[in-house]
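Throughout, residue positions are numbered sequentially from 1 according to the sequence presented.
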Amino acid sequence: MKEIVVIGGGPAGVEAAVAAAQGNTKVTLISEGPIGGRTGWDSLLPSKVWLHAAEVADIVAHASSEGGTAGRVEPATVIQRIKQVAHQWSEHEAQRLQAAGVQVVHGTATFSSPHHLTVRNDDNQQTLHADAVIIATGSVPRFPPAMKPDGQRIIAPRFASHLNTLPPDMIVIGAGPTGSEFASLFSRLGVRVTWIVGSPGVLPMFAPAAGAALNQAMTARGVNIVQVDGERVERSETGVRVTTTDGAVYEAAMAFLAIGRLPDLSRLDLAAAGLTVDANGQLTVDQHGRTAVDHIFAIGDAAGGPMLANRALAQAWIAGRTAADLPAPGYCPHTIVHAVYTVPEIAQVGIVTGAEEELKRVRASYTTSLKAFLSADTDGWVELTFDPITRQVRGGVAVGSHAADLLAPVALAIQTNATLADLAAVFAAYPTLSETIFTAARAASQVIA
């Protein structure tokens, strides 16, 4: 029986362990903390609970304009909800592991050889043998020397589960998905936001039209967007002071840092396993997650960016099955939907920008769907990218409510090499926003190749 050890108790580690357990294997998962990892306890889940609370408050506030009661978000209630959901999700994931027959060991793992791991906790240490190892240790925040959180006035995503009061104003630093989500969140909660996005602008890794749409929406909401890099954050007598590279100074009660993350690999003693990280601090892997040492895999944030939960889960499933000698396809980055849960929601999948200038694009407005009028979502749009010769779908962008959900059929089309004609022949449930994807495909017949 093959012995497989998974390092990391977050979503990717759990997914990899459950997938690996489907083979003729003995699977052990090493979790430093409670099952759920940083994603479940410190970063993704807390932020999504906050976003859900703001969404509910928006719905109630909209109802108040028609005679209801104005919506409010009480931080203490949100924090309690975060704890409740985190515990529920952790128990759910633990039950998945138990049902799959995965043994869970709590502690910090270190390689002692390519096939052996030492696991230490407060009580003891033990050595585990592994025929295969899957590294799913996640990532840690990156903070420049002059920009570090203090947990009080200068905070980061991991403090979202402790934010028991909302300040009157906030400076958000970072233009990626996390910075965008929190800038949107705070502004929706009535906080005056100054958003320092840096010289590349809002969502620089997304299609320019998507970043521009979010920029416009945030500006309309009163967010002050500063397209200059931050240089220094420090406490002042009344709050915080942020200095940008052009010498300007911005002040607020608090600052929120969402500058970036790095793979968390430093404690593994990779040298003992015969591994070294590359110049970006990550492990180079193939399409199945294998590192330079064939029986050792790295997945999710541990394998570098883009650091997305769905990307991590896809890599985990593939690596787990591969380690267990089960058939698995190679990882395809073009089928991963990149989603940002702002207002409007932003999502993209596949090839939407870059060197593929010969590709064609076709756009459809949410107004092509009756659902948009029913839910007052008429400002949204979707865009398909396709090869003008083969007519195969290559990518998609969506801006508006439920944007991430809308791109699921586009991801499947990319996976299966489907053409615009394949999408055009599908008519979604009526009325739904998902109709816009198929409407766009039918509209593409009017695009001159």
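One side chain, Ser369 or Glu435, offers a donor N or O that lies under 3.5 Å from an acceptor on the other. In the model, Glu3 has a side-chain atom that pairs as donor or acceptor with a side-chain atom of His129 under 3.5 Å. Side-chain atoms of Gln152 and Arg235 include a donor-acceptor pair closer than 3.5 Å.
Taking 4.5 Å as the limit, some side-chain heavy atom of Leu45 sits within range of a side-chain heavy atom of Trp89. Looking at heavy atoms from C-beta onward, Ser434 lies in side-chain contact with Leu406 at the 4.5 angstrom threshold. Put simply, the side chain of Leu214 reaches to within 4.5 Å of the side chain of Ser180, judged on heavy atoms. For the pair Asp379/Pro344, no side-chain contact is recorded, criterion being any heavy-atom separation below 4.5 Å from C-beta on. Glu234 is not listed as a side-chain neighbour of Arg153, based on a closest heavy-atom distance of 4.5 Å or more. Residues Phe111 and Ile135 form a side-chain contact, since some pair of their non-hydrogen atoms from C-beta on lies under 4.5 Å apart. Val340 is not listed as a side-chain neighbour of Glu345, based on a closest heavy-atom distance of 4.5 Å or more. Residues Lys48 and Leu51 form a side-chain contact, since some pair of their non-hydrogen atoms from C-beta on lies under 4.5 Å apart.
Ring geometry for His115 versus His295: interplanar angle under 30°, hence parallel rather than tilted (30 to 60°).
Taking the six-membered ring where the residue is Trp, the centroids of Phe427 and Phe438 are separated by 6.0 Å or more.
Salt-bridge formation is not detected for the pair Arg188/Glu55: no Lys NZ or Arg NE/NH1/NH2 atom is positioned less than 4.0 Å from an Asp or Glu carboxylate oxygen. Ion pairing of Asp42 with Arg158 is absent here, as no side-chain N (NZ or NE/NH1/NH2) approaches a carboxylate O to less than 4.0 Å. The residues Arg267 and Asp264 are annotated as salt-bridged, a charged nitrogen and a carboxylate oxygen being separated by less than 4.0 angstrom.
Between the side chain of Thr291 and the backbone N or O of Ile296, at least one donor-acceptor pair lies under 3.5 Å. Looking at Arg38, its side chain never comes within 3.5 Å of a backbone N or O of Gly10 through a donor-acceptor pair. The backbone N or O of Gly300 sits less than 3.5 Å from a side-chain atom of Gln315, completing a donor-acceptor pair. Put simply, the side chain of Gln227 gets close to the backbone of Ser199: a donor and an acceptor are under 3.5 Å apart. Between the Trp50 side chain and the Ala160 main chain, a donor and an acceptor come within less than 3.5 Å of each other. Without hydrogens or angle criteria, Ser90 side chain to Ala86 main chain gives no donor-acceptor distance under 3.5 Å. Looking at Arg232, its side chain never comes within 3.5 Å of a backbone N or O of Thr245 through a donor-acceptor pair. The backbone N or O of Gln392 lies less than 3.5 Å from a partner atom in the side chain of Thr390, making a donor-acceptor pair. A donor-acceptor distance shorter than 3.5 angstrom exists from the side chain of Gln22 to the backbone of Val18, with no hydrogens or angles considered. Put simply, the side chain of Trp381 never gets that close to the backbone of Gly400: no donor and acceptor are under 3.5 Å apart.
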Open item on the list: For Leu97 and Ile35: C-alpha separation, side-chain torsions, deciding distance, then whether side-chain contact (heavy atoms from CB on, under 4.5 Å) applies.
Closed with: CA-CA 10 Å; Leu97 293 168; Ile35 296 299; 4.0 Å; yes

Task: Worked check of salt bridge (charged side-chain N to carboxylate O under 4.0 Å, His left out) between Lys2 and Asp325 - done: CA-CA 9 Å; Lys2 191 171 187 179; Asp325 299 321; 3.4 Å; yes

Open item on the list: Show, in sequence, the C-alpha distance, side-chain angles and deciding distance for Glu231 and Thr244, and conclude whether the side-chain contact (heavy atoms from CB on, under 4.5 Å) test is met.
Closed with: CA-CA 5 Å; Glu231 185 175 73; Thr244 53; 5.8 Å; no

TODO: Begin from the C-alpha positions of Gln282 and Val277 and carry the test side-chain contact (heavy atoms from CB on, under 4.5 Å) through to its verdict.
DONE: CA-CA 5 Å; Gln282 62 195 51; Val277 297; 6.0 Å; no

TODO: Applying side-chain contact (heavy atoms from CB on, under 4.5 Å), run through Tyr331 and Arg311 and close with a yes or a no.
DONE: CA-CA 9 Å; Tyr331 168 69; Arg311 166 185 177 262; 3.3 Å; yes

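Annotation for Lys26: atom NZ does not count as buried by contact number, only 12 or fewer foreign heavy atoms lying within 6.0 Å. Dense packing is recorded around CG of Asp387, with more than 12 heavy atoms of other residues, nucleotides or ligands lying under 6.0 Å away. Under a cut-off of 6.0 angstrom, the local environment of CD in Gln98 is sparse, with at most 12 non-hydrogen atoms contributed by other residues, nucleotides or ligands.
For Leu326 against Gly23, the heavy-atom pair with the smallest separation is CD1-N, 3.7 Å. Residues Ala303 and Val285 approach most closely at CB-CG2, 4.2 Å, considering heavy atoms. Taking every heavy atom of both residues into account, Tyr250 and Ile171 meet most closely at O-CD1, 3.5 Å. Taking every heavy atom of both residues into account, Ser184 and Met218 meet most closely at N-CE, 3.3 Å. Scanning both residues, Leu117 and Val5, for their nearest heavy atoms gives CD1-CG1, 3.5 Å. Nearest approach of Glu181 to Tyr341, heavy atoms of both residues: OE2-N, 2.9 Å.
Here the CZ atom belonging to Phe256 is positioned 7.5 Å from the CE atom belonging to Met170, to the nearest 0.5 angstrom. For the atom pair CZ (Arg361) and CZ (Arg394), the distance works out to 13.0 Å, reported to the nearest 0.5 Å. The distance from the CG atom of Leu313 to the OG1 atom of Thr39 is 9.0 Å, given to the nearest 0.5 Å. Distance check, rounded to the nearest 0.5 Å: CE of Met307 to CG of Leu44 gives 14.0 Å. Going from atom CZ of Phe143 over to atom CD1 of Ile173 covers 10.5 Å, rounded to the nearest 0.5 Å.
Among Val133, Thr108, Val119, Val6, the single residue meeting the side-chain contact (heavy atoms from CB on, under 4.5 Å) criterion with Ile30 is Val119.
Residues forming a ring-ring contact (aromatic ring centres under 6.0 Å, His included) with His106 (at least two apart in sequence, or on another chain): none.
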